[in-house]
2 protein chains.
Amino acid sequence: MATRRRRTTIAEVAARAGVSPATVSRVMNGRFVGEDTVAERVRAAAEELDYSPSPLARGLALGTTRTVAFVVPDLANPAFQDILSALSKSAARSGYRVLVADSVESPSDELAIATEIRRRCDAIVLCAPRMPESELVGAIEDLKPLVLINRPGTSADAPMLSIDYLTGIHHLAEHLYALGHRRMAYVAGPSTSASDRYRRRGLASFTAEHPDVELVTVTGGVGIDDGQAAAARVRSAGVTAALAFNDLVAIGLVHGLDELGVAVPDDVSVTGFDDIPFARYNSPSITTASVPHEELGVQAWDRMAALVAGKEPGHSVQFQPRLELRGSTAPPR
Amino acid sequence: MATRRRRTTIAEVAARAGVSPATVSRVMNGRFVGEDTVAERVRAAAEELDYSPSPLARGLALGTTRTVAFVVPDLANPAFQDILSALSKSAARSGYRVLVADSVESPSDELAIATEIRRRCDAIVLCAPRMPESELVGAIEDLKPLVLINRPGTSADAPMLSIDYLTGIHHLAEHLYALGHRRMAYVAGPSTSASDRYRRRGLASFTAEHPDVELVTVTGGVGIDDGQAAAARVRSAGVTAALAFNDLVAIGLVHGLDELGVAVPDDVSVTGFDDIPFARYNSPSITTASVPHEELGVQAWDRMAALVAGKEPGHSVQFQPRLELRGSTAPPR
DNA sequence: ACCTTTCGAGAAAGCGGTTTCTCGTGGCAC
DNA sequence: GTGCCACGAGAAACCGCTTTCTCGAAAGGT
């Protein structure tokens with residue numbers, strides 16, 4: 001096969017321009033103060049040899065890679081994709097690139113993956129809902145600078161962006177209650193995940209306020225398949241409404257119920273969470289709690305940029321989901 | 001803020017173990033052949049100091065970063081997200097990470113972005129449908145090893161994975177024809193994109209076979225918004241069927257037509273392309289040409305792995321889309 | 001005309017590893 | 001007892017770039 005092409009180095013440019021590598025470096029970085037003719041010669045040589053500095057060598061010397069890591073549970077989830085897309089675009093404007101990784105194959109490796117990938121770059125945006133609090137706190141110093149996503153209540157000292165899942169699902173439940181539903185099911189997410197925990201708490205406070213509500217929890221998951229598989233469980237639970245862990249589960253659930261001959265929303269109302277772009281186009285459209293994922297990505301970069309610049313990052317913020325009432329919910333028969 | 005923590009270096013481990021850095025390096029990489037007690041001492045020292053080699057320094061010395069780039073027109077497009085997700089998972093199994101970038105903000109910079117990001121890693125998976133052929137061929141040597149996506153017909157010497165858009169859209173058109181449609185619209189993609197060109201060719205060969213078909217082309221785009229905006233144009237074109245550039249456009253179009261009081265598929269049939277996960281859950285579900293995106297990501301990694309190992313990559317392949325007949329198409333009124 | 005600054009640019013020391021080269025030691029054969 | 005070889009591990013060069021340190025020369029002051 002083709003012999004791997006060797007890139008031209010700073011030494012070659014220096015030789016060609018008849019100067020030292022130090023001078024080439026200075027010219028390339030705009031720190032040159034000497035005669036214009038010299039700078040011009042260097043630029044010409046660089047141009048002719050099609051030279052551009054090795055980011056690797058530069059990174060080693062400078063101690064900075066202009067790269068940030070983005071670690072999430074599952075890259076296949078549209079919610080994370082939206083964050084990634086916004087994060088990448090924002091970072092690119094500052095000349096930074098994003099290195100990605102997901103931990104879907106082995107949730108227990110979240111920490112190992114994070115620390116490994118972190119060493120390859122300057123900072124990390126970490127979404128690790130299943131990492132135990134103790135692990136996170138223990139590793140925090142090695143991960144800095146970092147921005148956390150969705151770890152409300154953590155004692156880790158880092159800027160954090162989160163979604164108020166508790167309030168969000170509470171509102172969804174209230175909506176169902178107002179429609180007249182009294183028997184509901186929660187189609188749960190991974191029991192080890194923090195975001196699932198907050199949804200359960202939100203529902204707990206809801207049921208505390210409404211003793212006349214009967215709420216059952218059924219096994220769900222995080223994807224469309226999981227939602228579809230949960231359809232049978234929801235039906236046999238004998239409820240008139242189901243709150244799904246997220247939109248994917250809701251979409252799968254609606255589809256699964258349809259296959260079982262259960263009409264949504266006529267027989268059972270269904271809610272999602274996230275408001276992924278397709279929730280509104282589903283048949284029926286999904287009533288959900290809307291989360292500003294792009295905004296999350298943008299803000300993550302803002303925090304990140306401040307951190308790598310050694311400045312004070314903005315405050316941690318908790319986004320309030322907005323209720324999106326659509327076609328998948330209606331009064332019970 | 002917190003003083004940036006300095007990582008322990010190989011020299012410190014060496015000092016602690018009472019050996020030279022060379023020995024530590026050998027032990028860490030399993031190339032050590034000396035006495036076991038020495039190796040044990042090194043391992044202990046590394047453990048105590050919580051040492052792990054700097055990937056950056058390692059990369060410089062070894063000339064390899066164990067990172068590959070993935071460049072696409074738009075990370076927000078679910079089709080690319082599916083490829084990325086599969087690519088990242090496959091690469092991770094071999095200890096590689098993926099660096100991402102999109103060129104959505106400035107399509108003309110595709111080449112600049114690709115060459116810049118390429119220098120940060122060992123190889124690149126490039127999906128650059130709008131890059132002029134001459135530019136691509138000119139830069140090919142600098143980009144190698146690379147795997148191309150969707151550049152059928154290019155003379156660039158690199159493994160390529162592509163979708164047979166030409167045949168795919170031809171089949172979709174035939175499907176509409178069989179249903180009885182004779183006046184159709186093509187809701188186009190970006191005119192500079194190669195994949196749009198192939199769709200046009202496919203349609204050209206279709207109309208050549210069916211002189212009784214009238215086909216008009218209307219401006220479209222790549223996203224849901226573009227599809228929605230195209231609804232008015234489709235309606236005023238007076239057609240009974242519309243072939244959208246992709247599923248996103250189709251979803252937007254269906255939605256837009258609905259808002260205009262045009263029923264799909266009763267008044268107008270609509271087809272998409274890609275079969276993104278949500279096409280089947282749309283209301284109505286979208287008739288489309290199914291593209292195996294995850295497979296594309298997996299195969300991209302296979303080629304990549306072969307290339308970086310200096311082996312012969314597998315052959316270039318062209319995936320044939322599979323027709324998915326769903327609810328958005330029906331005989332004309 | 002002499003001494004002190006200032007200035008331009010090269011030499012060299014990192015950055016943190018890997019690897020080739022080298023050398024001292026101990027074991028074995030004769 | 002001497003010579004040779006194998007072996008274990010350190011010294012040093014290198015990967016490609018940045019930056020401090022250094023120094024010679026030119027400029028400026030008296």
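Chain letters run A, B, ... following the sequence lines, proteins first and then strands; every chain starts at 1.
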task = Please figure out whether B:Leu62 or B:Thr37 has its closest DNA chain D nucleotide nearer the 5' end.
result = B:Thr37
remark   = 5'-most contact on DNA chain D (nearest-nucleotide basis), B:Glu35 vs A:Ser54, goes to B:Glu35
request  = Please list, in 5' to 3' order, the outermost nucleotides of DNA chain D lying under 4.0 Å from any heavy atom of chain A.
outcome  = D:dG16 to D:dT20
Verify, without hydrogens or angle tests, whether [X] (side chain) and [Y] (backbone) share a donor-acceptor contact under 3.5 angstrom.
{"X": "A:Arg93", "Y": "A:Ser88", "answer": "no"}
{"X": "B:Arg119", "Y": "A:Ser52", "answer": "yes"}
{"X": "A:Glu133", "Y": "A:Ser155", "answer": "yes"}
{"X": "A:Ser94", "Y": "A:Tyr96", "answer": "no"}

message = Is the phosphate of C:dA9 approached by A:Arg26 (side-chain N or O, under 4.0 Å from OP1 or OP2)?
response = no
With sugar-phosphate meaning primed atoms plus P, OP1 and OP2, does [X] contact a base, only sugar-phosphate, or nothing at under 4.0 Å between heavy atoms?
{"X": "A:Val33", "value": "sugar-phosphate"}
{"X": "A:Ser25", "value": "base"}
{"X": "B:Arg31", "value": "sugar-phosphate"}
{"X": "A:Leu60", "value": "base"}

remark   = In whole angstroms, the gap separating C1' of C:dA9 from CZ of A:Phe32 amounts to 7 Å
Interatomic distance where CZ belongs to B:Arg58 and C1' belongs to C:dG16 [whole Å] = 11 Å
task = To the nearest 0.5 Å, tell me how far B:Arg120 CZ sits from A:Arg97 CZ.
result = 6.0 Å
query = What distance separates B:Asp142 CG from A:Asp50 CG, expressed to the nearest 0.5 Å?
reply = 6.0 Å
